[in-house]
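To find a chain, count down the sequence lines: A is the first, B the second, and so on, and within it residues start at 1.
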Protein chains: 2
Amino acid sequence: MPGKILVVDDEPAIRAMVRFALKQADFTCIEAADAEQAQTLVLKDLPDLILLDWMLPGVSGVDYARRLRRERLTQNVPIIMLTARADEDDKVRALGTGADDFMTKPFSPRELVARVKAILRRIAPMASGDVVAVADLILDPSTHKVLAGDEHLSLGPTEFRLLHFFMTHTERVHSRERVLDAVWGSNAYIDERTVDVHIRRLRRALMASGYDRYVQTVRGVGYRFSGDG
Amino acid sequence: MPGKILVVDDEPAIRAMVRFALKQADFTCIEAADAEQAQTLVLKDLPDLILLDWMLPGVSGVDYARRLRRERLTQNVPIIMLTARADEDDKVRALGTGADDFMTKPFSPRELVARVKAILRRIAPMASGDVVAVADLILDPSTHKVLAGDEHLSLGPTEFRLLHFFMTHTERVHSRERVLDAVWGSNAYIDERTVDVHIRRLRRALMASGYDRYVQTVRGVGYRFSGDG
DNA sequence: TTGCGTCTGACACAAAAGCGTCATACTGTT
DNA sequence: AACAGTATGACGCTTTTGTGTCAGACGCAA
């Protein structure tokens, strides 16, 4: 279950093709025909990546991309622009909006999937679906298992995501706010103290294998996942 | 990898290329120039996969694909559509017929083989007819029997297919949606909770032999069939 | 066709697991 | 010591899953 992808295009045919391709590759796909619909979906469940048509009825794809970049919620969601023609000017402008990549129609499903995966690996390591390992701690999103050495340890969904986040973003301090954004999906009205509780639960689960010491408190700032003290 | 593949294309040159590529990869290849011939071969010896040209003299590839999907015998045989141009509309329509993939000419032998293998991997572990075994649990599709140790256990058709799916796709977590696709067929309008019910029935059947613990719930995600907890 | 038994999917309710918040205890800093 | 930030256990609530039941579909036999 690598990731959730929002497709914004007014042509149902394109959406159908994209949906098919993404589904084949095990992505979850949500769809919108215009910017307004898209925004509703974005607020409802924040996607991991957005495929955005350059030309849209109403608010254009370019304008919508700018807006997505301005707003805090979507600031870090990668965007791939879809355009009808390979026009250099368009390309420059598209990248100017903050798009992460750019594809000209027609494109093959294979190419689409390849690019999506590339972007996700680069920008959203959590959504790539790859096995993550830190020392002897191994987390496998595809089986949803976590191994510490050869011990299999069981985590609740939230602790699993939390550990996944930490393991894909090691060595850095993350504020509670950031953790909430990454693990809870950023539009949650949740008390920051709640992070503490889940940190506690995660530590407890890791305790048996000693990996709890990887989950480090940085007083006044947040938490860090790191091998050395 | 076992496999008999039917190529339906009116151009002998294409057929020759495909035949060559498939033979190299150890597939058996049978050929037809039109839908009528194809149908004769299908009835004589059911192929594991069909490569079907989009444009055929007489009954078009699209229509023939629909027919293959309608008929019981061929309902589950994967189809790869071959189209002349990368026309988005064609692609979409091809997928609408129930094709599992499509390729635009010209394609390389390598690409062909890769796609064929991909499809067979995805669909065939269950369709191969091979006996599947996990620990002492043995499922034989040809006799439709399941043995746990030396106990013979009886399952309903759906539970049988469900177990078959699990045994050919162990270790991974499968969302209910995915399970529905694989076990019920990808065009079933079925409540996701129904999966739970059949999981229950399967577990109950496996209970006597203790294999019910292999059927694991991954909360918030789906189910997994796995030896270790 | 009719009748019979099995299989199925939906539903409703029960049970379980997970979640977020809070109050309180604790720890490090100044 | 006083303060601010953090850790932790408990608790009420929500979401998700488990399970029994039932009406209808289906296959089969007469």
Side-chain angles (χ1 to χ4, degrees), chain A residues 1 44-45 144 146 153-166 173-207 211-225 229, chain B residues 72-73 75 144-146 153-166 173-207 212-225 229:
Chain A
M1 213 212 320
K44 205 177 75 188
D45 47 4
H144 222 265
V146 183
L153 47 98
S154 82
L155 304 172
T158 306
E159 281 70 45
F160 185 90
R161 290 199 308 276
L162 181 58
L163 179 58
H164 194 183
F165 169 70
F166 275 140
V173 199
H174 308 287
S175 68
R176 290 178 173 71
E177 186 186 2
R178 193 168 154 54
V179 172
L180 278 176
D181 272 13
V183 176
W184 274 257
S186 97
N187 44 353
Y189 286 114
I190 291 184
D191 194 301
E192 288 200 350
R193 293 276 135 232
T194 299
V195 174
D196 300 30
V197 176
H198 286 276
I199 288 283
R200 155 86 177 103
R201 289 170 181 158
L202 177 58
R203 277 176 172 153
R204 178 161 30 182
L206 291 173
M207 211 161 281
Y211 280 103
D212 57 307
R213 68 189 187 79
Y214 278 52
V215 181
Q216 297 158 5
T217 303
V218 179
R219 195 181 171 80
V221 186
Y223 297 95
R224 176 179 52 201
F225 192 82
Chain B
R72 186 98 188 246
L73 175 68
Q75 203 160 238
H144 222 266
K145 280 182 177 169
V146 183
L153 48 97
S154 79
L155 302 173
T158 305
E159 281 69 44
F160 185 88
R161 289 199 310 277
L162 181 59
L163 180 58
H164 194 184
F165 169 69
F166 274 139
V173 201
H174 308 287
S175 66
R176 290 178 172 72
E177 186 187 358
R178 204 173 152 54
V179 172
L180 278 178
D181 270 15
V183 177
W184 275 259
S186 48
N187 42 1
Y189 238 147
I190 292 184
D191 193 301
E192 288 200 349
R193 298 301 312 284
T194 298
V195 174
D196 301 30
V197 177
H198 288 274
I199 287 282
R200 154 90 173 94
R201 289 169 182 159
L202 177 57
R203 276 176 173 153
R204 178 159 40 185
L206 291 173
M207 211 162 280
D212 56 307
R213 68 188 188 79
Y214 278 52
V215 181
Q216 297 161 5
T217 302
V218 179
R219 183 165 250 266
V221 184
Y223 296 95
R224 176 179 54 201
F225 192 82

Using whole Å, report how far [atom1] of [X] lies from [atom2] of [N].
{"X": "D212(B)", "N": "dG18(D)", "atom1": "CG", "atom2": "P", "result": "12 Å"}
{"X": "R201(A)", "N": "dG18(C)", "atom1": "CZ", "atom2": "P", "result": "10 Å"}
{"X": "R161(A)", "N": "dG20(C)", "atom1": "CZ", "atom2": "C1'", "result": "13 Å"}
{"X": "F160(A)", "N": "dA17(C)", "atom1": "CZ", "atom2": "P", "result": "19 Å"}
{"X": "L162(A)", "N": "dG20(C)", "atom1": "CG", "atom2": "P", "result": "11 Å"}
{"X": "H198(B)", "N": "dG20(D)", "atom1": "NE2", "atom2": "C1'", "result": "14 Å"}
{"X": "R204(B)", "N": "dT19(D)", "atom1": "CZ", "atom2": "P", "result": "9 Å"}

Could you list the protein-to-nucleotides 6-8 of chain D atom pairs, N/O on both sides, closer than 3.5 Å?
unit_1, atom_1, unit_2, atom_2, d
dT6(D), OP1, G220(A), N, 2.7
dT6(D), OP2, R176(A), NH1, 3.3
dT6(D), OP2, R176(A), NH2, 3.4
dT6(D), OP2, R193(A), NH2, 3.4
dA7(D), OP1, R203(A), NH1, 3.0
dA7(D), OP1, T217(A), OG1, 2.5
dA7(D), OP2, Y223(A), OH, 2.6

Please list, chain by chain and in numerical order, all residues satisfying side chain to side chain contact (heavy atoms under 4.5 Å, CB included) with V173(B), sequence neighbours excluded.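 Per chain and number, V173(B) pairs via side chain to side chain contact (heavy atoms under 4.5 Å, CB included) with H144(A), V218(B), V221(B).
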Have a look at E159(B) and say if it touches a base, only the backbone sugar-phosphate, or nothing, with a 4.0 Å heavy-atom cut-off.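 Result for E159(B) = sugar-phosphate.
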Give a yes/no answer on whether the side chain of W184(B) brings an N or O atom under 4.0 Å of OP1 or OP2 in dG9(C).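 True: W184(B) side-chain N/O within range (under 4.0 Å) of dG9(C) OP1/OP2.
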Any T158(A) side-chain N or O less than 4.0 Å from OP1/OP2 of dG18(C):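 Looking at the OP1 and OP2 atoms of dG18(C), neither is under 4.0 Å from any side-chain N or O of T158(A).
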First encountered from the 5' end of DNA chain C, between D191(A) and L155(B):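 Checking each residue's closest nucleotide, the 5'-ward one belongs to L155(B).
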With sequence neighbours excluded, residues passing salt bridge (charged side-chain N to carboxylate O under 4.0 Å, His left out) with R176(A):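 Once residues adjacent in sequence are excluded, the partners of R176(A) under the salt bridge (charged side-chain N to carboxylate O under 4.0 Å, His left out) criterion are D196(A).
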Who are the salt bridge (charged side-chain N to carboxylate O under 4.0 Å, His left out) partners of E177(A), not counting sequence neighbours?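 Scan of E177(A) (salt bridge (charged side-chain N to carboxylate O under 4.0 Å, His left out), adjacent residues dropped) gives R72(A).
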Over the length of the helix from dT1(C)-dA30(D) to dT30(C)-dA1(D), how much do the five-pair end axes diverge, rounded to 10 degrees?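 Computed angle between terminal axes is 30°.
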V183(A) backbone acceptor or donor facing R161(A) side chain under 3.5 Å: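 It does hold such a pair.
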Using the test side-chain hydrogen bond (donor to acceptor under 3.5 Å, both in side chains), find all partners of [X] that sit at least two apart in sequence or belong to another chain.
{"X": "R200(B)", "answer": "none"}
{"X": "S154(A)", "answer": "none"}
{"X": "H164(A)", "answer": "none"}
{"X": "S175(A)", "answer": "none"}

How far apart are the closest heavy atoms of L202(A) and V215(A), and which atoms are they?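 Looks like CD2-CG2, 4.3 Å.
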